[in-house]
Structure formats: C-alpha cells, structure tokens
S.K.: 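Sharing a structure here in structure tokens format.
Just so it is clear, the structure is predicted and the values come from calculations on it, not from any experiment. Residue numbers start from 1 in every chain, and the chains themselves are labelled A, B, ... in the order their sequence lines are given, proteins ahead of strands.
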There are 2 protein chains.
Amino acid sequence: MKPLFHPDIDDVAPADIFAALADPIRLGILVALSSATEMDKARCSNFVGLASPSLLSYHFAKLREAGITHMRIEGTSRYLSIRRADLDRRFPGLLDSVIEAAQRDPGLPRISEEPATKP
Amino acid sequence: MKPLFHPDIDDVAPADIFAALADPIRLGILVALSSATEMDKARCSNFVGLASPSLLSYHFAKLREAGITHMRIEGTSRYLSIRRADLDRRFPGLLDSVIEAAQRDPGLPRISEEPATKP
DNA sequence: CTTAAAATTCAACGATCATTGAAATTCTAA
DNA sequence: TTAGAATTTCAATGATCGTTGAATTTTAAG
C-alpha cells in the first residue's frame with residue numbers, strides 16, 4: 001500500500017487545475033465535498049451514485065494529482081478532502097468561484113441524500 | 001463568410017469553460033487579451049508568437065465556442081474580446097480569479113512587447 | 001484461514017485533443 | 001484584374017481522455 005502522491009501546490013499550473021475541473025463527474029465530486037461537514041460524507045464509498053467504483057477511482061486520482069484534493073487512507077476506506085488552504089493561497093478566490101459556479105449547474109450529477117436508514 | 005457562432009452564455013456549462021481554459025496557449029491568449037486596451041492588441045494577427053496561424057485559429061475557435069471570447073470580423077482581420085459582462089453575470093468572480101492565476105504563471109507563452117519598429 | 005468490503009489496476013475501446021503543413025478562402029489594394 | 005495579407009479549412013499524426021468490466025489488492029472481521 002504505497003503512500004499516495006500529492007503534488008506540491010507550487011508545482012501545480014493553472015492549466016492543470018482547469019483540466020481537472022473539465023469534467024461533470026469531477027465537478028460533482030467537488031460540489032459534494034464542499035458541503036461535506038460530517039466525515040462520513042467524505043468517504044469515497046459515499047460517492048457511488050456518481051459513477052461506478054472503477055470510474056470513481058479514476059476521477060479521484062485526477063483530482064488528487066492535480067492538487068485539488070487530498071486523500072487519506074484508513075483501513076480499507078479512503079477519505080477525501082479539498083486542499084482549501086493550499087488552493088486559496090496559490091489561486092486566491094478561484095476555488096470559491098469554481099464551487100459557486102458548479103453548485104448552480106443543473107447538469108451536474110448529484111449524490112442522493114439519505115444514505116438509507118438501517119431499520 | 002458565414003457569421004461566427006457565439007453560444008448563448010446560459011447554454012455554457014462550467015465544465016465547458018474549464019475545458020477551454022485547460023491549455024497554456026489559450027490561457028496565454030486570455031492573459032494577453034485581458035490587458036489589451038488598444039484595439040491593435042486585440043487583433044488576431046498580434047498573437048503570432050504564441051503559435052502558428054493555423055494553430056491559433058484552432059485555439060481561437062475553442063475559446064469562442066466555449067463562450068469565453070467574442071470575435072468580430074472587419075475586412076480580412078478579426079478582433080478578439082473577452083465576454084466579460086456575460087461571464088461575470090453567469091459565473092461571478094470566476095473570470096477575475098482565472099486571469100489572476102494565469103497572469104502569475106511563469107509557464108505561459110507570452111507575446112513579446114514592441115511589435116518591432118520599422119526603420 | 002476464510003470471507004467480505006473498499007478500492008485500485010489493467011486492458012481494451014472509441015472519442016476527442018493538440019499539432020503540423022499544405023491548400024483554400026476572403027477581402028483589400030494596386 | 002491580379003497580388004498579397006489575414007485567416008480558416010482539411011487531412012493526418014500521435015497523445016490523452018472517459019468509460020467499461022474483469023481481475024486484483026488490501027484490510028478488517030468472523
């Protein structure tokens with residue numbers, strides 16, 4: 001289980017960021033992440049509904065390798081977070097306007113609320 | 001000479017914008033355009049130096065079809081401008097932070113000053 | 001040890017991309 | 001009318017992309 005690669009934020013070029021944002025599924029992930037207060041909502045397995053596990057893995061890697069997200073491994077699970085401090089320092093204002101734009105896009109795939117209660 | 005296609009700004013999805021921005025040459029065009037006060041600087045022929053004419057044409061079309069730029073035909077020349085009002089209304093704050101990020105990117109191709117004096 | 005859950009890896013596919021260079025277009029000016 | 005400048009179009013290229021499904025890895029739990 002090799003440690004995951006996360007680029008130094010200063011090595012990230014604007015074009016790399018935009019390439020990572022140029023996909024509806026990845027924007028959907030970002031939007032979901034941006035309103036994930038509880039930790040459960042940031043667990044990768046909670047993003048099924050956006051795409052198949054295999055495809056999700058691909059998109060998670062794109063976001064991570066572009067410096068947008070951080071991924072932490074815990075047991076068999078992975079937890080995602082936005083690298084907000086890094087991004088805000090390097091690209092001031094960008095993340096907020098990106099999220100705001102994406103949030104209002106009716107075309108984005110969304111995660112259904114209510115992870116289903118276990119009776 | 002068919003009139004150029006410019007998408008309605010409301011038909012432009014965030015992912016389309018980011019796809020158009022995911023290229024260093026196009027970011028270079030955007031940066032140059034953003035500081036083009038005089039009209040001469042917005043003429044397409046002033047962007048040689050960024051790429052070959054044929055390649056420039058390709059990138060101009062990408063920016064235009066994504067709703068980022070407007071292109072006006074005048075004789076054999078074309079003049080470019082950023083659709084700032086449209087973009088600011090639809091994606092508040094986005095354009096400014098994009099340009100700011102791109103401007104500071106040392107990796108972007110840039111247009112040389114001084115169009116060469118003719119002695 | 002066996003099983004199950006979570007996630008990644010891999011090979012394959014068609015689609016789109018950026019780039020090149022040659023040919024065609026469109027307009028202006030001599 | 002011809003010559004030239006500005007720009008686009010076209011075909012070809014190799015590269016990368018998003019997607020699928022099957023196989024694999026990794027870890028925790030019975």
S.K.: To the nearest Å, how far apart are B/Leu50 CG and C/dT20 C1'?
M.R.: 17 Å
S.K.: What is the distance from atom NE2 of A/His70 to atom CD1 of A/Ile82, rounded to the nearest 0.5 Å?
M.R.: 13.5 Å
S.K.: Ignoring hydrogens, what is the shortest heavy-atom contact between B/Pro14 and A/Ala101? Give both atom names and the distance.
M.R.: CG-O, 3.8 Å
S.K.: How many whole angstroms separate atom CG of A/Asp23 from atom P of C/dT16?
M.R.: 14 Å
S.K.: Return yes if a side-chain donor-acceptor contact under 3.5 Å exists between B/His59 and B/Arg26, otherwise no.
M.R.: yes
S.K.: Mind checking whether B/Phe60 and B/Phe47 have parallel, tilted or perpendicular rings, split at 30° and 60°?
M.R.: perpendicular
S.K.: Nearest whole angstrom, please: distance from the P of C/dC17 to the CZ of A/Phe18.
M.R.: 18 Å
S.K.: Measure from NE2 on A/His59 to C1' on D/dT20 and round the result to the nearest Å.
M.R.: 12 Å
S.K.: Nearest-Å distance, CZ (A/Phe47) to P (C/dA6)?
M.R.: 15 Å
S.K.: Does B/Arg78 come within less than 4.0 Å of B/Glu74, counting only side-chain N to carboxylate O?
M.R.: no
S.K.: Below 4.0 angstrom, N of the basic side chain to O of the carboxylate: do A/Arg84 and A/Asp96 qualify?
M.R.: yes
S.K.: Write down the distance between CD1 (B/Ile73) and C1' (C/dT28), rounded to a whole number of angstrom.
M.R.: 15 Å
S.K.: For every nucleotide of nucleotides 1-16 of chain D, 5' to 3': is a protein heavy atom under 4.0 Å from its base (B), only from its sugar-phosphate (S), or from neither (-)?
M.R.: -----SBBB-------
